[in-house]
Participant: 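Before I ask anything, let me first share the structure, which is written out below as structure tokens.
Numbering of ligands and ligand atoms starts at 1, following listing order. Just so it is clear, the structure is predicted and the values come from calculations on it, not from any experiment.
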Amino acid sequence: MSRKKLLNIVGARPQIIKASAISRAIRLHFAETINEVMVHTGQHYDKELSEVFFDELEIHKPDFNLSVGSANHGRQTAMMISGLEEILLEENPDVVLLYGDTNSTLAGAIAASKLHFPVVHIEAGLRSFNKMMPEELNRIMSDHASTMLFAPTNTAFRNLMNEGFRPDNSPPYTIDNPRIFLTGDIMYDNSLFFAGLAETKKASFLEQMSLEKGKFILVTIHRDTNTDNFERLENILTTLKSLSEEFTITFVLPLHPRTVNSLRKDHSHLLDELSGARYIKIIAPVSFLEMTLLEKTCRMIITDSGGVQKESHFFGKPCLVLRKETEWTELVTNGTTALVDADPERIRSQFVKYFNCGTDLSFPTFYGDGKAAEFILGEILEMIG
Ligand code: UD1
Ligand code: UDP
């Protein structure tokens, strides 16, 4: 059998991390059958949002980088589509792999489907049912341009069926006769694989950061609804500062540049106040191994990130989600994740509840067996034979 060409499209931090699970599974199980091509749109370009992951996670390095950078949605997505179209025509892949819900995902879905390349969407079927989120539009449009859709949870699989995808389509699969699969989550594959390595390779990281196991709260904030709305951002940050003082516990915030830019540009007084606060530690984004170690050793996680919510569950930590809704509803139903929006009262009461609940919480396995990437690649090979 001739080797099949699988073209990955990545652009933003979480996609690079997700692609590492696929890269690793190719290296370990499909090196003789799959030839991997990596296209980076350049949506994320700072070293700590991009290069650090290629170096640390041993991902197939980008064969192409479109370097589109930051721009308004329309311009950014259009530049990606235009660049991707050229590469797809030149590379003529057997299949195109897309991850998640960013503008890079949408651009890949449009460029590849219009050129009639089979699109594989990993993390298909997730829905927040809030179309004000750019990610929700990206997800829906990408799913409906795909030929193979890998849903990471039962809920995501059901969402696809509710939108008319049929679970019993027979091959040959096409964009008009797509195949939906329930698989695990490739992010769980990664967390299982890297959890031990994080402990050994980053053994001195906590000490460098002056942090002690179990004695800090990990916080990430980057969602546009929070960064671009000062009232929300201020409510969140001032509530966290006051909790840190009341409970005399350090809050560590590896902040996305979007959040820092927003604070620097329009609200430097708040940034100064936080920078001078005794128990608040604002740091640059960290590498995946460092993040994994922080997640494993913190007491609680507070985030608006999709990925960090799940990692919180993987490492058995309660989580406050700074949003009105989540795509990972099983976590909320399980009682270990709470939607607190940007509401000071909800943040405070839920924080107190989780802070005092010790080890009473349980964290069942919702996300597969750590072999989702292998399963996905096996099914792709079956389709393209
Ligand atoms: C994007 C995704 C979001 C995902 C997040 C992961 C979309 C619509 N959003 O959001 O779903 O959760 O990535 O982190 O695709 N910036 C830098 N350096 C960089 C990249 C961005 O400073 O390397 C700053 C710029 O000011 C830029 C802003 O961050 O304008 C937003 O970047 P963008 O890629 O548009 O969206 P994210 O908020 O990162
Ligand atoms: N992450 C990281 N360093 C950080 C913050 C996050 O490596 O400083 C990782 C995190 O562990 C997770 C992924 O980035 O795997 C989540 O990405 P992000 O929060 O940017 O996006 P989302 O998941 O919300 O789309």
Participant: Only distances under 3.5 Å count here; give the side-chain donor-acceptor pairs of residues 148-160 to other protein atoms, sequence neighbours excluded, each with its distance to 0.1 Å.
Facilitator:
unit_1 : atom_1 : unit_2 : atom_2 : d
T153   : OG1    : A156   : N      : 3.1
N159   : ND2    : G125   : O      : 2.9
N159   : ND2    : T155   : O      : 3.4

Participant: What protein heavy atom lies closest to atom 25 (O) of ligand 2? Include the residue and the distance to one decimal.
Facilitator: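 That would be P14 CG, 3.5 Å.
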Participant: Can you tell me which residue and heavy atom of the protein come closest to atom 10 (C) of ligand 2, and the distance to 0.1 Å?
Facilitator: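 For atom 10 (C) of ligand 2, the nearest protein heavy atom is E311 OE1, 3.3 Å.
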Participant: Using a strict 4.0 Å cut-off to heavy atoms of P254, name the atoms of ligand 2 that fall inside it.
Facilitator: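 So the answer, numbered in order with elements, is 8 (O).
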Participant: Just say parallel, tilted or perpendicular for the rings of F247 and F351, cut-offs at 30° and 60°.
Facilitator: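 Ring orientation, 0 to 90° scale: perpendicular.
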Participant: Is the H313 ring parallel, tilted or perpendicular to the F366 ring (thresholds 30°, 60°)?
Facilitator: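 The rings of H313 and F366 lie parallel, inter-plane angle below 30°.
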Participant: Please write down residue, atom name and distance for the protein heavy atom closest to atom 23 (O) of ligand 2.
Facilitator: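 Result for atom 23 (O) of ligand 2: G307 N, 2.8 Å.
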Participant: Look at the side chain of N190 and the backbone N and O of I17, then say whether any donor-acceptor pair between them is shorter than 3.5 Å.
Facilitator: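 Yes, N190 side chain to I17 backbone: donor-acceptor pair under 3.5 Å.
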Participant: For E290, state whether at least one heavy atom is located under 4.0 Å from any atom of ligand 2.
Facilitator: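 No, E290 has no heavy atoms under 4.0 Å from ligand 2.
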Participant: Residue by residue, ordered by chain and number, which ones reach under 4.0 Å of ligand 1 with a heavy atom?
Facilitator: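 These residues qualify: A12, P14, Q43, H44, Y45, D46, L49, S70, H73, Q76, D101, T102, N103, E135, H222, R223, H256, P257, R258, N261.
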Participant: With no hydrogens and no angle check, is any side-chain donor or acceptor of R348 less than 3.5 Å from a backbone partner on T239?
Facilitator: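 It does not hold such a pair.
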Participant: For the pair E85 (side chain) and I81 (backbone), establish whether a donor and an acceptor sit closer than 3.5 Å, ignoring hydrogens and angles.
Facilitator: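 Not at all, since once roles are kept as given, no pair shorter than 3.5 Å links the two residues.
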Participant: Taking the non-hydrogen atoms of S287, is any one of them nearer than 4.0 angstrom to ligand 2?
Facilitator: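 Checking ligand 2 against S287, which is what was asked, there is a heavy-atom contact under 4.0 Å.
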Participant: Among all the protein's non-hydrogen atoms, which is closest to atom 14 (O) of ligand 2, and how far away is it?
Facilitator: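 It is I17 CD1, 3.4 Å.
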Participant: For the side-chain hydrogen bond (donor to acceptor under 3.5 Å, both in side chains) test, which of K61, E36, H60 pairs with S23?
Facilitator: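 For S23, the side-chain hydrogen bond (donor to acceptor under 3.5 Å, both in side chains) test succeeds with only one of K61, E36, H60, which is E36.
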Participant: Within a distance under 4.0 Å of any heavy atom of M187, pick out the atoms of ligand 2 and give their elements.
Facilitator: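 Going through ligand 2 atom by atom, the ones under 4.0 Å from M187 are 15 (O).
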Participant: What is the nearest protein non-hydrogen atom to atom 5 (C) of ligand 2, stated with its residue, atom name and distance?
Facilitator: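 Checking every protein heavy atom, the shortest distance to atom 5 (C) of ligand 2 gives R13 NH1, 3.2 Å.
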Participant: Using modelled atom types only, decide if a donor and an acceptor are shared between the side chain of R299 and the backbone of F355 within a distance under 3.5 Å.
Facilitator: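 Indeed, once roles are kept as given, a pair shorter than 3.5 Å links the two residues.
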